[in-house]
Asker: 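Mind having a look at this structure? Questions to follow.
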Amino acid sequence: MRLDKYLSNAGAGSRKEVKSVLKKGGVTVGGQIIKDAKAEVTGEEEILMDGVPVMLERGIYIMLNKPGGVISSTEAGQTATVMDIIEHPQKRDLFPVGRLDKDTTGLLFITNDGKLAHELLSPKNKIGKTYIADLEKEVSERDLMILRKGVPLKDFTTAPAEAEKLSDRRVKLMITEGKFHQVKRMFGYLDNRVTGLRRVGFAALTLDEKLGEGKWRRLTDKEIDDLKK
Ligand code: URA
């Protein structure tokens with residue numbers, strides 16, 4: 001990676017700021033002053049700016065409690081995205097793993113680890129996603145049986161889900177697929193309508209209830225280990 005990009009990605013300043021420090025001889029790579037912004041670095045070298053080590057964070061693992069009204073996209077556009085919430089110097093390398101609908105809230109995992117993301121999104125790994133669905137109408141025992149058995153949707157029949165009735169119109173549902181609007185469509189088949197959807201579990205992660213909507217935090221080492229298992 002170019003030295004100026006490395007420095008600014010690591011939070012040392014804007015591209016313009018780090019270029020100016022570089023020009024003044026304020027940056028050393030492996031003990032040598034480097035003034036060329038285009039010099040290539042791997043990140044293995046000891047890189048100092050004004051005598052202070054500058055390090056890129058390698059694996060970045062974030063839990064976001066997604067609020068409603070923002071889309072799960074990295075593309076900046078008219079609509080606010082989940083990435084607008086995250087403050088990180090390496091933000092451009094980050095992406096959400098999977099998508100939640102604009103009105104869905106809760107656990108969204110954001111990372112720069114493409115390999116892990118690939119594993120977690122691969123259908124063959126049958127990664128569990130747990131939702132709390134609020135419904136327009138009361139849910140019956142028969143509804144729960146259908147959810148547990150598999151719901152015949154237009155394009156496919158869902159794999160058996162875990163379904164627990166939390167109250168008359170609230171269900172905790174764990175599915176292992178992640179098709180477009182899947183939970184809403186599953187309840188639609190049951191002639192019901194989801195009025196509120198919150199994701200509380202994704203793979204080994206459980207939504208941190210202390211994390212308010214719109215807040216994020218880095219995963220703990222244990223959470224990262226569990227996720228990679
Ligand atoms: N299922 C849905 O219908 N919407 C979501 O956001 C996630 C799962």
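In listed order, ligands and their atoms are each counted from 1. Keep in mind it's a predicted model, so treat the numbers as computed, not measured.
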Asker: Does any N or O atom in R185 lie less than 3.5 angstrom from one in ligand 1, N or O only?
Answerer: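 N/O-N/O distance below 3.5 Å does not exist for this pair.
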
Asker: Within ligand 1, which atoms have a heavy atom of Y131 less than 4.0 Å away?
Answerer: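 Checking each atom against Y131, I get 7 (C), 8 (C).
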
Asker: Does the side chain of Q90 come under 3.5 Å of the side chain of E57 through a donor N or O and an acceptor N or O?
Answerer: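 Q90 vs E57: no donor-acceptor pair found between side chains.
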
Asker: Under a 4.0 angstrom heavy-atom cut-off, which atoms of ligand 1 come close to Q182?
Answerer: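 So the answer, numbered in order with elements, is 1 (N), 2 (C), 3 (O).
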
Asker: Taking it one step at a time, do R58 and E44 satisfy salt bridge (Lys or Arg N to Asp or Glu O under 4.0 Å)?
Answerer: CA-CA 11 Å; R58 280 186 185 278; E44 298 297 319; 3.0 Å; yes

Asker: What is the closest protein heavy atom to atom 4 (N) of ligand 1, and at what distance does it sit?
Answerer: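 Atom 4 (N) of ligand 1 sits closest to the protein heavy atom D101 OD2, 2.7 Å.
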
Asker: May I have the step-by-step check of salt bridge (Lys or Arg N to Asp or Glu O under 4.0 Å) for E164 and R170, ending in yes or no?
Answerer: CA-CA 9 Å; E164 182 190 350; R170 177 170 284 183; over 6 Å; no

Asker: Can you check whether H181 has an N/O within less than 3.5 Å of an N/O in ligand 1?
Answerer: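 N/O-N/O distance below 3.5 Å exists for this pair.
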
Asker: Where on T104 is there a heavy atom closer than 4.0 Å to ligand 1, on the side chain, on the backbone, on both, or on neither?
Answerer: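 T104 to ligand 1: side-chain contact only, backbone stays beyond 4.0 Å.
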
Asker: Residue-level breakdown please: for V194 versus ligand 1, do any non-hydrogen atoms fall below 4.0 Å on the side chain, on the backbone, on both, or on neither?
Answerer: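 Contact part for V194 vs ligand 1: neither.
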
Asker: Using 4.0 Å as the upper bound for N to carboxylate O, is an ion pair formed by E177 and R185?
Answerer: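 No salt bridge links R185 with E177.
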
Asker: Regarding ligand 1, does K179 bring an N or O atom to under 3.5 Å of one of the ligand's N or O atoms?
Answerer: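 No; every N/O pair is 3.5 Å or more apart.
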
Asker: Does a side-chain N-to-carboxylate-O contact under 4.0 Å join K222 and D225?
Answerer: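 So K222 does not pair with D225 through a salt bridge.
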
Asker: Using a 3.5 Å cut-off on N or O atoms only, is V183 in polar contact with ligand 1?
Answerer: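 Yes; the residue has a nitrogen or oxygen that sits under 3.5 Å from a nitrogen or oxygen of the ligand.
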
Asker: With atoms numbered from 1 as shown, which atoms in ligand 1 lie under 4.0 angstrom from a non-hydrogen atom of K184?
Answerer: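 Per the distance check, 3 (O).
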
Asker: Between K19 and D36, is the closest basic N to carboxylate O distance under 4.0 Å?
Answerer: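 Looking at K19 together with D36, the answer is no, because their closest N to O distance does not fall below 4.0 Å.
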
Asker: Checking side-chain polar atoms at under 3.5 Å, does K228 have a donor or acceptor matched by the opposite partner on Y61?
Answerer: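 The criterion, which ignores hydrogens and geometry beyond distance, is satisfied for Y61 and K228.
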
